[in-house]
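All values reported here derive from a predicted model rather than from experimental measurement.
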Amino acid sequence: MIRYIFPFLLFLLLSGCSLKKADVDFDPNFKTRQLKTFSILYKNKEGYYGLNERRIHDALIHDIESKGYQKASKEEADFYMTFLVQTKEKVQPDISFGFGVGTFSRRNFIALGTEPDLIYDETTLFINSVDSKTQKVFWSSSLVVDSLESKTPQERIEYINKVVAIMLKEFPNYLNQEKK
C-alpha cells in the first residue's frame, strides 16, 4: 500500500512547484520570417543592471539565440527584445462565512468573520519584441513570478532561466521558419 501512496504524494509535491502559463499576445499580421537579428534594450531608473536584471538579460539572449536568431548591435538589429520587472502591492481581503447548528437545541446561527487584509507584493515580468523599423510591439509575454528573496544565486539563475523559457516558448523559431 505504501508503495502506491509514496509516488502519488511525490507527484503532488512536484506538480505543486510548477510555474504558471505565461500570458502571450502577438500581432497575427506581422511577418516574422524577415527577422534574423536582435538586440536587447533595457533601461531602468538607476541607469545600470542589477544582478537579477543581468540574469534576465542573459536568459533572453540564450533563449533567443537557441531559436536561431543572431545577436547584433541596436543599429543593425531587425528587432529588439525589451523587458520590465514590475512589482505591485496587492491586497487580499480575508473574510470568512460560517453556518452552525446547535446540538441539543433548535437554534441555528450564521457568522461572518473578518481578519486584517493580507497585503503582499506581486512581481510580474514583461517581455516585448519590437520591430526596429516601425518601433511597434509585435509580440509580448507576461508572467507573475515568485519572490527571489529566499533563493541562492544559483537557484535564482535557474529560476529566471526557467521563467524566460516558459515566456518565450511560443516565440517564433527562426530555425523552423527556414525549413518551411
Side-chain angles (χ1 to χ4, degrees), residues 3-26 32 35-74 76-92 118-132 137-179:
R3 70 180 185 187
Y4 297 114
I5 294 173
F6 181 71
F8 179 72
L9 291 175
L10 184 63
F11 170 76
L12 286 178
L13 178 69
L14 293 177
S15 64
C17 297
S18 64
L19 289 169
K20 303 174 198 115
K21 190 175 187 295
D23 180 26
V24 175
D25 192 12
F26 60 92
T32 57
L35 305 176
K36 295 178 185 171
T37 59
F38 74 98
S39 182
I40 307 290
L41 297 183
Y42 176 74
K43 290 184 181 177
N44 63 9
K45 296 174 194 170
E46 293 82 21
Y48 60 87
Y49 276 18
L51 291 173
N52 290 328
E53 292 158 331
R54 173 56 61 190
R55 292 172 181 135
I56 294 168
H57 178 271
D58 293 345
L60 276 170
I61 290 174
H62 174 75
D63 202 275
I64 294 297
E65 284 181 337
S66 73
K67 293 181 182 299
Y69 298 99
Q70 297 174 3
K71 188 173 185 310
S73 67
K74 178 184 173 186
E76 297 172 353
D78 295 327
F79 69 99
Y80 309 130
M81 297 296 293
T82 66
F83 65 93
L84 170 70
V85 179
Q86 186 177 56
T87 302
K88 290 183 180 177
E89 188 176 84
K90 299 288 255 181
V91 178
Q92 180 165 348
L118 176 63
I119 300 172
Y120 62 97
D121 288 336
E122 181 180 85
T123 303
T124 305
L125 175 60
F126 297 92
I127 298 175
N128 292 313
S129 298
V130 181
D131 181 24
S132 64
V137 174
F138 65 88
W139 189 92
S140 67
S141 179
S142 64
L143 182 67
V144 175
V145 295
D146 294 339
S147 171
L148 298 174
E149 291 175 2
S150 62
K151 295 181 181 355
T152 66
Q154 186 59 38
E155 290 171 336
R156 289 175 188 215
I157 291 169
E158 291 168 5
Y159 180 74
I160 288 172
N161 288 342
K162 190 185 301 183
V163 165
V164 169
I166 288 170
M167 293 178 73
L168 296 178
K169 183 178 180 181
E170 297 177 35
F171 190 81
N173 192 327
Y174 182 74
L175 298 173
N176 290 345
Q177 292 178 13
E178 271 189 338
K179 294 175 186 176

For Arg55 and Pro153, the nearest pair of non-hydrogen atoms, with its separation, is NH2-CB, 3.8 Å
Got a second to check how far [X]'s [atom1] is from [Y]'s [atom2], nearest 0.5 Å?
X	Y	atom1	atom2	result
Gln154	Glu158	CD	CD	4.5 Å
Ser142	Leu125	OG	CG	8.5 Å
Leu60	Asn161	CG	CG	10.0 Å
Tyr69	Thr32	OH	OG1	5.0 Å
Phe38	Lys71	CZ	NZ	6.5 Å
Asn173	Leu168	CG	CG	11.0 Å

Could you tell me whether Glu155 atom CD has more than 12 heavy atoms of other residues or ligands within 6.0 Å of it?
yes
Please say whether more than 12 non-hydrogen atoms of neighbouring residues, nucleotides or ligands are located less than 6.0 Å from NZ in Lys169.
no
Could you go through the side chain to side chain contact (heavy atoms under 4.5 Å, CB included) check for Val85 and Ile56 one step at a time?
CA-CA 10 Å; Val85 179; Ile56 294 168; 3.7 Å; yes
Just do the side chain to side chain contact (heavy atoms under 4.5 Å, CB included) check on Glu53 and Tyr42 with the steps written out, would you?
CA-CA 9 Å; Glu53 292 158 331; Tyr42 176 74; 2.5 Å; yes
When Trp139 is tested against each of Phe26, Phe171, Phe126 for ring-ring contact (aromatic ring centres under 6.0 Å, His included), which residue passes?
Phe171
Residues two or more places apart in sequence or in another chain: which of them pass side-chain contact (heavy atoms from CB on, under 4.5 Å) with Glu170?
Lys21, Val24
Going by atom type alone, with no hydrogens or angles, which donor-acceptor pairs under 3.5 Å involve a side-chain atom of residues 76-83 and a protein atom two or more places apart or on another chain?
from  : atom 1 : to    : atom 2 : distance (Å)
Asp78 : OD2    : Lys36 : N      : 2.8
Asp78 : OD2    : Thr37 : N      : 3.1
Asp78 : OD2    : Thr37 : OG1    : 3.3
Tyr80 : OH     : Lys74 : O      : 3.4

